[in-house]
Each structure stands twice: as C-alpha cells, then as structure tokens.
There are 4 protein chains.
Amino acid sequence: MAAMTQLESPPAGAAALPEGAEGAAAAPPAVRPGRRRDPSRDADILAATLDVLAEVGYDGMTMDMVAARAQAGKATVYRRWESKADLVIDAVACLKSPPPLDDLPDTGSLRGDLVAMIRTPSVKDAQRKLRIMTGLVSLIDREPELAETTRRALVEPRAAVTRALLRRAVERGEARPDCDIETLASVSAAMASYRTLMLRKPVDREFLLSVIDGVIVPAAVGAPGH
Amino acid sequence: MAAMTQLESPPAGAAALPEGAEGAAAAPPAVRPGRRRDPSRDADILAATLDVLAEVGYDGMTMDMVAARAQAGKATVYRRWESKADLVIDAVACLKSPPPLDDLPDTGSLRGDLVAMIRTPSVKDAQRKLRIMTGLVSLIDREPELAETTRRALVEPRAAVTRALLRRAVERGEARPDCDIETLASVSAAMASYRTLMLRKPVDREFLLSVIDGVIVPAAVGAPGH
Amino acid sequence: MAAMTQLESPPAGAAALPEGAEGAAAAPPAVRPGRRRDPSRDADILAATLDVLAEVGYDGMTMDMVAARAQAGKATVYRRWESKADLVIDAVACLKSPPPLDDLPDTGSLRGDLVAMIRTPSVKDAQRKLRIMTGLVSLIDREPELAETTRRALVEPRAAVTRALLRRAVERGEARPDCDIETLASVSAAMASYRTLMLRKPVDREFLLSVIDGVIVPAAVGAPGH
Amino acid sequence: MAAMTQLESPPAGAAALPEGAEGAAAAPPAVRPGRRRDPSRDADILAATLDVLAEVGYDGMTMDMVAARAQAGKATVYRRWESKADLVIDAVACLKSPPPLDDLPDTGSLRGDLVAMIRTPSVKDAQRKLRIMTGLVSLIDREPELAETTRRALVEPRAAVTRALLRRAVERGEARPDCDIETLASVSAAMASYRTLMLRKPVDREFLLSVIDGVIVPAAVGAPGH
DNA sequence: CGATAAACGAGACGGTACGTCGCGTCTTCTG
DNA sequence: CAGAAGACGCGACGTACCGTCTCGTTTATCG
C-alpha cells in the first residue's frame with residue numbers, strides 16, 4: 001500500500017474515450033458538470049489489485065476481491081478499466097521502480113558502472129514484485145499491450161542505462177568500438193526474465209554479477225569481467 | 001496435423017494416475033474386459049489442442065473447442081488428461097523439435113559451430129510454434145511443472161549442445177579457459193524467449209546471428225564474432 | 001403532461017420525513033438561508049414519472065429515466081421522495097379523477113343512477129391510465145401502503161357513491177331491504193381491476209353496463225337490469 | 001415440496017424451441033444423442049422457486065437462492081427458463097389446484113351447489129398460495145403471458161364450474177333464463193383477487209359465502225341467497 | 001453366439017467468475 | 001443552500017467455462 005503513495009497521477013488507464021470529433025469551436029474547456037471521479041479511488045484500486053495479485057496470482061484474483069479490498073463497487077472499477085486484464089496492466093505499470101539515477105556515477109570501469117546499477121531493494125519488496133510479475137505472465141499472451149507496458153515500465157529504463165554505460169566504455173576506449181551495444185543492452189533483461197519464469201529462481205546479486213562478469217563485460221571488453 | 005504423425009505413444013500424461021488399486025499380485029496381465037482405448041484419439045486430441053492453442057491462445061482455448069475439433073467427447077479427453085493444463089503441457093511436449101544432431105560437425109571455429117546449430121524450419125511452422133509457446137506462457141505461473149517440461153523439452157537440448165561447443169572451443173584454445181560456460185549456454189534461450197514474449201518478434205536467423213556475433217562469441221573468445 | 005396542470009401542490013409525499021430536527025420552538029418563521037426549493041420541479045418530476053411509467057411499466061422505469069426526462073438531477077428527486085416506490089405512489093395519487101359528483105342526480109331508478117356514474121373519458125387517456133395502473137401493480141406486493149392509497153384515491157370514492165345509490169334504492173323501495181350493500185358496492189371495482197389485470201381488456205362502457213345489468217341491479221332489485 | 005410430487009410432467013416451459021422448419025423427411029424420431037435432461041431437476045427447481053417465492057416474494061427472490069435450494073447450478077436453471085420471470089410463471093402454473101370435481105354433486109339448489117364448490121384447503125397451504133400470488137403480482141404487468149397462465153390454471157377451472165352450475169340452475173327453473181351467466185361466472189374470481197390484492201384480506205369461507213349470498217345467487221335467482 | 005463391460009460422442013450438471021445495470025447516496029460545480 | 005450532473009457502494013442478473021456425470025451406442029473379450 002505504502003508503495004502506492006508515490007503515484008499521484010497513475011497511467012491514464014481506460015480514461016481515453018473514443019469520442020471522435022471534438023466538435024464545434026464552442027467550449028472545449030467548458031467544465032463538465034457532475035461529480036468528478038475521485039482520483040484516490042484509482043490509487044486504492046490499483047494498490048488493491050497489486051496486493052491481491054501478489055497473494056493469489058492473476059487467475060486466482062477476482063474482481064470482487066479487488067473491489068472489496070479497495071472498498072469499492074465493481075462498477076467503480078469497471079468505470080475505469082474495461083476488463084480484469086486492463087486493470088492488471090495498469091496496476092503493473094505502477095510498479096515502475098524509481099528510474100535509475102540519471103547521474104550515472106562514473107566508476108572508471110564498465111564493470112564498476114554496471115555493478116553500481118544493481119540496486120538491492122528490500123527482499124520483501126523484490127519477492128512481492130516477482131510474485132506479481134510471474135502471476136501476471138498469464139496475460140502477456142492475451143494482451144500484447146502488456147508486454148509493451150512492462151517493457152517500457154520495467155525493462156527499458158535499465159536497458160537505456162546499460163546502453164549509456166556501454167557507450168561511455170567505448171568512448172573511454174575500454175570497450176571494443178564495434179561491440180553490439182543494442183544486443184548487449186538487452187542481455188540483462190533477457191537473462192533476468194528467463195531466470196524468473198523458466199528457472200523460477202530469484203534474480204539476486206550473485207546472478208546479476210555472473211551475467212555482468214560472464215557475459216556483458218567480456219563480450220564488450222574482450223576480457224573477463226573480474 | 002502432419003506434425004503429429006510421429007507421436008504414436010505420446011507422453012504417458014496423467015492417464016496413469018486414476019488407476020486406483022493396481023497392487024494385488026493377482027492378475028496384472030489379466031486383460032480387462034470391455035472396449036479398449038482407441039490410441040488414435042490421443043493423437044487427434046493433442047493435434048486439436050495445438051491447433052486451437054495456436055489460434056486463440058491458452059485462455060481463449062476451451063475444452064469444448066478441443067473436443068469438438070477432435071470429434072471427441074469431453075469425457076474422452078478427461079479420461080486421458082486430468083485438466084486443461086495437463087492436456088496443454090502434454091501437447092506442447094509433442095512440439096519437441098528433433099534433438100540437435102549429436103554428431104556435432106566440427107567446423108573448426110566456435111562461430112561456425114554455433115551457426116551450424118541454427119536450423120531454419122519453415123517460416124509458417126516457426127510462427128505456429130511461437131504462437132503456441134506464447135499462448136502457453138499463461139500456464140507457467142500456475143503449473144511450475146510446465147516450466148520444467150518446457151525447459152527440458154525445448155531449451156535444455158540446445159543449451160547442452162552450446163555447452164559442448166563452448167567446451168570444445170576452450171579445448172581448442174579458441175575460447176578463454178575461464179569463460180563462464182554455464183551462463184553463456186543459457187544466453188541463447190534467454191534472448192530468444194525474451195524476444196518472443198516481450199518483444200513479440202520472430203526468432204529468425206538474423207536475430208540468432210546477432211546473439212552469436214554480438215554476445216556469445218565475443219564473450220567467449222574475447223574478439224568480435226565476425 | 002397536460003393532465004398534470006391541475007396539481008400545483010401534489011401530495012406532500014415522504015418529503016416531510018428526512019427533515020431531522022424541526023422542533024425547537026426557536027424560529028419556525030425564521031426564513032432559512034439558502035435557495036428555496038423550486039415547487040415547479042415537483043410537478044415536472046411527477047409528470048415525467050407518469051410518462052415513463054406509462055411507457056415501460058414500473059420495473060422498466062428507471063430513476064435516471066425519470067430524472068433525465070424531468071431535466072432534473074437524481075438528488076432533486078430523492079430530496080422529495082424517499083424511494084422509487086414512494087415516487088410512483090405519489091405520482092399515481094395524482095391520477096385521481098375528480099371525485100364523482102356529490103350531487104348525485106336522482107334518475108329515479110337504481111340502474112339510471114349507476115349508469116349516470118359512468119364517465120367516459122377520452123379513450124387515449126383511459127388507456128394511459130390503464131397502462132399506468134397495471135404497471136403499478138408490481139408495487140402492491142412490496143408496498144402495502146400503495147394498495148391502501150390506490151383504494152382510497154381511486155376505488156373508495158366510487159364505491160361510496162355506489163353505496164349511497166344502493167341505499168337510496170332501498171329507501172325508494174326499488175331494492176330489496178336485505179340486500180348486501182357492502183359487498184355489492186365493491187363488485188364494480190373488483191370486476192374492473194380483474195378485467196384490467198387478468199384479462200387485460202379495457203374497462204369500457206359496454207363492460208360496465210354488463211356489470212350493472214348482469215350483476216348489481218339484478219342482485220339488488222331481484223330483476224334483470226334492463 | 002410434497003405439493004410438488006404430483007407434477008410429473010410440468011408445463012413445457014421454455015423447452016419449446018423456435019426451430020422452424022423441421023427439415024427433410026429423414027429421421028425426426030432419430031434419438032438425440034447426449035445426456036438427457038433430468039426431469040427431476042425441473043420439479044426440484046420449480047419447488048425451490050415456490051418455496052423461495054413464498055418466503056421472500058418475487059423481488060426478494062434470487063436466482064442463486066433458487067439454484068442453491070434446488071442444489072442446482074444457475075446454468076441448469078437458465079437452460080430451462082430464459083429468465084427469472086419465465087421461471088416464476090411456470091412455477092405458478094404448478095400451483096394448479098386439483099381441478100374441481102367434474103362430477104358436480106347436484107345439491108338441488110344453486111346456492112347449495114356453489115357452497116359445495118368451496119374447498120377448504122389446509123390453512124397453511126392457502127396462506128402459502130396467497131403469499132406466492134401476491135408476491136407474483138409484480139410480474140403480471142411485465143409478463144402478459146403470466147396473466148393468461150394464471151387465469152387458465154387457477155381461475156378458469158372454477159369459473160367453468162360456476163358457469164355449469166348456473167346453466168343447471170336455469171334449466172332447473174331456479175335461475176332466471178335471461179341471467180348473464182358469463183359475467184356472473186367471473187364475479188367470484190374478481191372479488192377474490194380484489195380482496196387479496198387490494199384489501200389484503202384472506203379469501204376465507206365467510207367471504208366466499210357473502211359473495212354467493214350477496215351477489216351471485218340473488219343476481220341469478222332474483223331472491224336473497226339465504 | 002450371446003452376455004458383459006469398458007470406451008466413445010454428445011451434452012446436461014454443479015459451481016464460480018465475469019461484466020452489466022439499477023438503486024439510493026455522495027460530491028462537485030453553478031445559480 | 002437548491003439544483004443538474006454524475007460518480008460511488010452494493011448487489012442481482014444472465015453468460016461462459018471447468019471438470020464431472022449420465023445417456024445411448026459401439027467394440028472388444030469372456031463364458
């Protein structure tokens with residue numbers, strides 16, 4: 001729940017109506033009458049969704065469960081999201097980890113930079129996220145949008161950082177100038193998701209170090225990572 | 001459908017479970033009276049399962065759909081598999097590509113060996129498999145067994161080959177003696193599944209080459225792959 | 001709508017209940033601050049209620065429909081009536097036909113008197129009322145109060161007149177002195193409602209004449225009505 | 001429940017499909033494959049419906065309640081009846097009282113015949129029926145079919161008997177030859193339903209006697225009933 | 001060769017979640 | 001404050017799917 005407080009304006013969600021032509025020049029900014037949607041309900045519902053998701057997984061999760069836990073009516077949920085899948089997609093988008101610091105501390109070596117990227121969140125939090133993500137894999141097939149959302153929210157930020165670090169290493173003369181930055185940048189994410197889904201093992205520091213030292217650094221630099 | 005002909009005796013599946021009392025030394029060979037199970041139904045049902053799976057994905061697939069397409073009754077299906085998940089797991093196990101040739105042609109270089117591993121099945125067949133695999137991801141969370149099955153059937157064989165090739169390259173003096181064979185061997189599978197699930201792009205020859213040339217070979221050999 | 005013009009101050013309805021504290025002798029005449037209730041809304045809402053009721057029946061009728069048709073907010077409706085049932089009860093009470101003339105023209109015979117009671121409103125109006133009344137039957141079970149209201153508003157006045165006419169006929173020597181005035185007075189209402197609800201036929205002049213001539217007059221007088 | 005045992009073949013219900021053209025001369029009697037509908041479920045569900053209806057009325061009744069009490073799934077209910085209304089209509093049709101004996105005992109007088117018609121079922125049973133009927137009035141408006149069903153099942157049989165008795169009285173010379181048999185035959189039903197719905201009083205022996213002695217007999221015979 | 005018993009196609013059954021809709025309340029903004 | 005607009009909590013509706021069961025039929029083995 002606490003993890004939710006940071007999202008004041010959650011992903012637009014299903015709010016985007018297919019209204020089509022906005023119409024005459026009249027009064028687009030004319031304040032719409034009626035009670036406004038309570039934005040706090042969005043956050044409550046999303047938080048409840050993540051809670052339930054972490055507890056029973058996607059298939060075990062019931063819309064009534066979510067509504068009940070959020071102290072909301074089902075109609076309130078469905079007013080915001082068209083379906084269970086939509087709701088979960090948005091909820092996951094809220095898991096967005098705080099973006100990797102843009103001020104990348106230059107440790108002087110590619111390995112040092114990459115290791116510095118490894119954040120060790122609270123174990124409990126990490127397990128929760130993992131539980132959610134695996135429980136949510138069910139959806140990736142049905143909702144292509146989810147793959148995109150997840151990628152953008154969870155994967156791309158870190159990949160972007162890796163790309164930057166690799167570029168810096170090349171400029172620094174540490175990495176080979178012809179190294180395939182694009183491919184290498186996605187190795188971490190690929191290995192992590194593979195480990196999570198197929199191997200069902202935690203993506204811990206040790207594992208990430210073995211990816212850095214066994215794959216990325218040697219591939220980029222041409223020498224063992226350690 | 002044609003892909004099915006090879007499996008005359010599909011994985012035993014859950015059919016063995018509900019036997020009940022089997023023990024009494026009395027008459028195991030005593031042929032039970034009554035009609036015998038028609039073995040051809042297994043193959044038909046599995047084929048129908050794969051077809052439906054490829055068309056509508058795991059969650060869109062209905063047991064009635066499968067039964068209808070296989071011209072079978074639901075009881076006939078449930079007599080052989082305990083649940084939808086069980087059925088799908090077995091069906092997927094039938095996708096097992098013929099194991100990578102054990103006689104690994106030694107091309108003289110790690111890159112050559114790895115490239116030789118790339119088989120190019122018909123595009124249509126590959127897309128079908130891809131569709132099935134993504135549609136099946138829904139299950140990985142619910143059925144840990146499936147992850148294991150899939151890994152063993154589809155992933156491990158190729159990983160084992162890669163391991164062997166890497167070892168050979170080390171012995172040959174081409175690859176660094178300290179290279180992390182274990183981790184590198186799983187890179188292909190990880191990158192492929194990531195591309196399939198998250199990026200929803202085909203795992204084509206070009207992509208596999210970029211993994212070989214951009215990651216594995218440079219990481220192992222310490223020099224660009226090409 | 002036109003039928004509505006006569007009711008400027010409709011039955012107080014349940015509006016009196018939710019007032020809360022009213023008591024304190026302090027300042028009953030002290031004009032409360034704030035905007036005064038717009039009395040014209042009452043009539044509009046009641047009219048809309050009858051319209052909708054006539055079109056779709058009680059169960060088909062929605063509070064939103066009523067509010068929308070009356071160009072009113074739901075709160076405005078609920079500020080005046082506690083519930084859908086309350087609203088409908090009041091609306092129906094407005095259908096009250098002007099009470100049968102108290103100056104009963106003495107035609108000289110029971111039959112003449114009874115026939116004189118038959119008013120023939122416009123056919124369209126009668127059908128509308130009929131539609132409303134049947135649509136309102138849904139409520140009789142849930143709201144015992146409604147039965148009473150309806151009886152008092154629509155039935156009793158005519159029954160009272162019939163009673164009076166019967167008494168006059170007895171005094172006049174036309175009717176048997178021992179005739180069961182009480183029971184006979186309710187025959188008309190019973191036959192009319194039965195015809196409306198169960199037979200779904202209009203209560204037209206012909207039907208009323210057959211009740212007068214086939215039942216009431218012969219039962220009271222001991223001779224055929226005509 | 002016990003009241004249900006007599007109905008082996010309940011009203012056809014929703015079983016009547018709109019199949020249209022039956023098709024080629026082929027095999028109309030060809031046995032339809034698949035499990036047959038369990039007829040006992042019909043009876044169980046109808047009985048449960050009447051029970052619930054008697055306890056909480058039409059609006060209080062829930063399809064889940066009915067299904068649960070009948071130990072049935074909702075699908076089983078909806079396979080047989082299209083809607084809650086349909087179900088209730090059929091259930092009510094099962095209340096059909098055992099048809100008035102066709103061998104009408106000729107008591108020698110119209111009054112005697114009519115009084116002999118009054119059956120006094122167990123008080124509890126009568127109250128149950130009354131509760132059901134009033135709870136069901138909600139439907140008469142929405143489902144014109146219900147009015148017809150009710151009339152045929154509950155009203156018409158008795159009316160037919162009354163008609164016959166009146167005819168006999170005319171033949172016997174007891175009743176006036178020009179009495180309006182048709183109208184008089186519906187007086188009982190009309191008075192009873194009016195008393196039930198509007199007056200909410202029980203249709204007991206005393207009441208029925210007052211109808212016979214105060215209305216029917218005097219109207220038909222031209223003399224007080226007693 | 002007839003009896004027996006299991007497997008089969010078809011589909012009804014009990015259960016449970018889904019997504020919709022209505023009621024009566026609450027909240028926002030305007031007069 | 002009243003009024004229009006509409007979001008909210010609640011709960012019933014009718015649908016769809018799962019996994020089981022029951023039909024009547026077909027197919028094998030046994031007596």
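In what follows, every chain begins at residue 1, and chains take the letters A, B, ... in the order their sequences are listed.
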Shortest non-hydrogen pair, B:Asp42 vs B:Trp81, comes out as O-CH2, 4.0 Å
When rounded to whole Å, the CG to P distance for the pair C:Asp86 and E:dG24 reads 9 Å
Between B:Ser83 and D:Ala85, the residue closer to the 5' end of DNA chain F by nearest nucleotide is D:Ala85
**Request:** Quick one: label A:Ala75 by what it contacts on the DNA or RNA (base, sugar-phosphate, nothing), any heavy atom closer than 4.0 Å.
**Result:** base
Looking only at heavy atoms, the pair that brings D:Met61 and D:Val56 closest together is N-CG2, 3.5 Å
Comparing nearest nucleotides in DNA chain E, the 5'-proximal residue of the pair C:Lys74, B:Arg35 is B:Arg35
Practice item. Check whether any side-chain N or O of B:Tyr78 sits under 4.0 Å from OP1 or OP2 of F:dT20, and answer yes or no. Key: no
Regarding the side chain of A:Lys84, the nearest nucleotide among E:dA10, E:dC18, F:dA4 is E:dC18
By salt bridge (Lys or Arg N to Asp or Glu O under 4.0 Å), D:Asp38 pairs with (sequence neighbours left out) none
Out of F:dA4, F:dC23, E:dG19, minimum distance to the side chain of D:Arg36 belongs to F:dC23
Review point. Any side-chain N or O of C:Thr76 under 4.0 Å from OP1/OP2 of F:dA4?
Key: yes
### Message
Does a side-chain N or O of B:Arg79 approach OP1 or OP2 of F:dG19 to a distance below 4.0 Å, or not?
### Response
no
When rounded to whole Å, the CZ to P distance for the pair B:Arg80 and E:dA6 reads 16 Å
Check: A:Arg41 side chain, A:Gln71 main-chain N or O, donor-acceptor pair, under 3.5 Å
yes
Between B:Arg41 and D:Asp38, whichever has its closest DNA chain E nucleotide further toward 5' is B:Arg41
D:Leu87 CG to F:dA12 P, in whole Å, measures 16 Å
Within residues 56-65 of chain D, those residues having any heavy atom closer than 4.0 Å to DNA chain F are D:Met61, D:Thr62, D:Met63
Rounded to whole Å, CD1 of A:Ile45 lies from P of F:dA7 at a distance of 13 Å
Problem set entry | Residue pair B:Asp51 / B:Val66, side-chain heavy-atom distance below 4.5 Å | no
In whole angstroms, the gap separating C1' of F:dC1 from CZ of C:Arg37 amounts to 11 Å
Heavy-atom nearest pair, C:Ala48 first then C:Ala70, reads CB-CB, 3.8 Å
Got D:Asp86 and D:Tyr78 here, is their nearest side-chain heavy-atom distance under 4.5 Å? no
